[in-house]
Number of protein chains: 2
Amino acid sequence: MTAAKLLLIDDDQELSELLSEFLTSEGFSLTCCFDGITGLEQAKTTDYDLILLDVMMPGLNGFDVLKALGGKHLTPILMLTAKGDESDRVLGLELGADDYLAKPYNPKELLARIKAILRRVDILTNKTKSQPIQINGIELSPASREVTCLTKPVLLTGTEFEMLHLLMENLDTIVSKEMLSEQVLNRPLMAFDRSIDMHISNIRRKFQQFSSEEKIKTIRGVGYVFMSGDK
Amino acid sequence: MTAAKLLLIDDDQELSELLSEFLTSEGFSLTCCFDGITGLEQAKTTDYDLILLDVMMPGLNGFDVLKALGGKHLTPILMLTAKGDESDRVLGLELGADDYLAKPYNPKELLARIKAILRRVDILTNKTKSQPIQINGIELSPASREVTCLTKPVLLTGTEFEMLHLLMENLDTIVSKEMLSEQVLNRPLMAFDRSIDMHISNIRRKFQQFSSEEKIKTIRGVGYVFMSGDK
DNA sequence: AGCAAAGGGTAAAGATTGAGTAAATTTACT
DNA sequence: AGTAAATTTACTCAATCTTTACCCTTTGCT
């Protein structure tokens, strides 16, 4: 696994320094913010693997940041606090934190908890990616990278396969062009990039001979949806 | 969400009883095992959403169970222990536990931690899509960008969809033209801009064939309201 | 009531944007 | 080098968004 990107939000610069050194030596890449506002800004603009969030901060405190991020942020959050207060812990977890560690903490335990969270994320995001998907006569098997339509094989290129896979994983849910570009082509979507359109076009063509009904619906200005079609 | 299935592995029957009662009252479905071997057996044969695992048990202890389950079990594990020993916690987390709570614990905190883990799993397996909105026979699904009126599809353009979405989210609440312009068209409202009026007009027209009653009410000089209509 | 002014409804025209795709080019792999 | 795949180019066309224009309704004033 490539170095996980962590975001540390803590007003204690000295402690941050120490922690930064420790975690960097453990192979993480760490960004530090010393107040809630810049921390929140960072969290919203950059995609981190995990956020370490101190509760006690002047201005925007940890709970405020948690609230501002909303309940469904994708990035896991580990809260740090000087208080050992239990109701505090409960509140943090209810607001959307994933774990809670009281200061002063053992760096080893912090490390272990960070790893535990990242491992869970890793397991869960890889799990779905290996199970075959069957929808409406189309079967896609990630393990063998084969796709069949009504049991007959459909020969897709690697990118076409991944694109179809991502769409089928998100059945009846829009997958934006940005998402397709980032997840499949591994680069941000650029203006006037017609590459995705091309691949979609090719996928559609390869399926045409088997079935006339269009499974991949275009959502103009947004992306594409793989439709289950049972309406 | 349907009731999460939990597995409790703890040799302390009395405590298990209490915990079982508490968690059941919180809407979980709980299975108890009183030793490591049966616990391991259960964990392997049935698909639980979360395992609560006591460390101190005669025979196979919590760590042994953890090891036996292997590093990449899909089910998250929360360990419970009488010891507050840090190295113990670190060991547990390294062996694949997702969280660690020392006895005696506050039931509220346990509950919060259980929920935090389940929420993380939920987010990562992305079952938490943006929820469809249903009002008065009209259903709007943000995920697939589809709108139906009395189960029949209504074909809206992107802007029309977003405008209706914003109005339906603010049921019975006025949405100003300024708001509509900024949120949907991404620009400040200008004098003599009739664009919003046009879109509203088009939305109304597309719904006319299904129902005569007007859902979108005009508030002269201010904006529009989507009416729940039950008065 | 009468009137003027402002705001909204909407058809139609015009402008703009985004998608489809053939073909050419580049890239990546053998 | 040879080949398959991916990307870019270039062009068309269709969807859809905006503007215009005209009419109707409401509001507020005398």
Side-chain angles (χ1 to χ4, degrees), chain A residues 145-147 153-167 174-209 212-227, chain B residues 145-147 153-167 174-209 212-227:
Chain A
R145 282 186 93 81
E146 280 172 328
V147 176
V154 181
L155 296 172
L156 298 184
T157 68
T159 307
E160 285 160 13
F161 180 89
E162 305 255 347
M163 213 157 268
L164 182 62
H165 189 187
L166 189 57
L167 288 169
I174 293 181
V175 183
S176 67
K177 287 198 168 194
E178 284 79 7
M179 189 68 77
L180 284 164
S181 188
E182 271 163 42
Q183 303 283 305
V184 178
L185 309 177
N186 299 306
R187 66 180 141 142
L189 180 66
M190 310 276 261
F192 308 114
D193 189 338
R194 316 304 316 290
S195 183
I196 289 169
D197 306 61
M198 274 311 305
H199 291 298
I200 295 287
S201 173
N202 291 332
I203 295 170
R204 281 174 170 158
R205 183 168 37 74
K206 290 183 181 178
F207 276 95
Q208 251 166 20
Q209 56 184 125
S212 59
E213 86 173 295
E214 186 51 64
K215 302 283 187 346
I216 300 173
K217 189 169 120 189
T218 305
I219 309 294
R220 186 179 229 266
V222 186
Y224 297 89
V225 191
F226 193 99
M227 309 279 288
Chain B
R145 281 200 156 227
E146 283 174 320
V147 175
V154 180
L155 297 173
L156 299 183
T157 68
T159 307
E160 285 159 14
F161 180 90
E162 306 233 330
M163 215 158 265
L164 181 62
H165 190 184
L166 189 57
L167 289 169
I174 297 176
V175 182
S176 67
K177 288 198 171 191
E178 284 79 9
M179 189 65 78
L180 284 165
S181 188
E182 270 162 42
Q183 301 284 303
V184 179
L185 308 178
N186 300 306
R187 64 172 183 228
L189 181 66
M190 310 275 262
F192 309 114
D193 188 338
R194 314 298 315 289
S195 190
I196 290 170
D197 305 60
M198 274 311 306
H199 290 299
I200 295 289
S201 171
N202 291 332
I203 294 170
R204 283 173 169 157
R205 182 168 37 75
K206 289 183 182 178
F207 275 96
Q208 254 165 19
Q209 56 184 124
S212 59
E213 85 174 295
E214 187 49 64
K215 302 283 187 344
I216 300 173
K217 193 168 127 191
T218 306
I219 309 296
R220 193 187 166 87
V222 186
Y224 297 90
V225 193
F226 192 98
M227 311 280 286

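Computed over heavy atoms, backbone and side chain alike; hydrogens, waters and symmetry mates excluded. Letters go in sequence order (proteins before strands), and every chain restarts at 1. Computed from a prediction, not measured in an experiment: that's the story for all the values here.
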TODO: Starting from P on dT7(D), measure out to CD on Glu162(A) and report it in whole angstrom.
DONE: 12 Å
Open item on the list: Would you compute the distance between atom CD1 of Ile219(A) and atom OH of Tyr224(A) and round it to the nearest 0.5 angstrom?
Closed with: 10.5 Å
- [ ] Output yes when a side-chain donor or acceptor of Ser181(A) lies under 3.5 Å from a complementary backbone atom of Arg187(A), and no otherwise.
- [x] yes
- [ ] Spell out yes or no: do the side chain of Arg220(A) and the base of dT16(D) have one donor N/O and one acceptor N/O closer than 3.5 Å?
- [x] no
Open item on the list: Whole angstroms only, please: what is the OH-C1' distance between Tyr224(B) and dG9(C)?
Closed with: 8 Å
- [ ] Please tell me which of the listed nucleotides, dT19(D), dG20(C), dA5(D), lies nearest to the side chain of Thr218(A)?
- [x] dG20(C)
Task: Basic-acidic side-chain contact under 4.0 Å: Arg145(A), Glu162(A) - done: yes
Open item on the list: I want to check something: taking the side chain as every heavy atom from C-beta on, are Lys177(B) and Asp197(B) in contact at a cut-off of under 4.5 Å?
Closed with: yes
TODO: Identify which nucleotide among dT18(D), dT21(C), dG20(C) has an atom closest to any side-chain atom of His199(B), counting heavy atoms from C-beta outward.
DONE: dT18(D)
Open item on the list: Rounded to whole Å, how long is the line connecting atom CG of Asn202(B) with atom C1' of dA12(C)?
Closed with: 12 Å
- [ ] Answer with base, sugar-phosphate or nothing: what part of the nucleic acid does Ser195(B) contact at a heavy-atom distance below 4.0 Å?
- [x] base
Task: Residue Arg205(B), side-chain atoms from C-beta onward, closest of dA11(C), dG8(C), dA19(C) - done: dA11(C)
Task: Nearest heavy-atom neighbours spanning Thr157(B) and Glu160(B) - done: N-OE1, 3.0 Å
- [ ] Go through the steps to decide whether Thr218(B) and Ile200(B) satisfy the test side chain to side chain contact (heavy atoms under 4.5 Å, CB included), and finish with yes or no.
- [x] CA-CA 10 Å; Thr218(B) 306; Ile200(B) 295 289; 5.8 Å; no
- [ ] To the nearest Å, give me how far apart CG (Asp197(B)) and C1' (dC17(D)) are.
- [x] 14 Å
- [ ] Kindly state which residues belonging to residues 184-194 of chain A come within less than 4.0 angstrom of DNA chain D, counting heavy atoms of the residue only, listed by number.
- [x] Leu185(A), Arg187(A), Asp193(A), Arg194(A)
TODO: Return the value, rounded to whole Å, for the distance between atom CD1 of Ile216(A) and atom P of dG20(C).
DONE: 10 Å
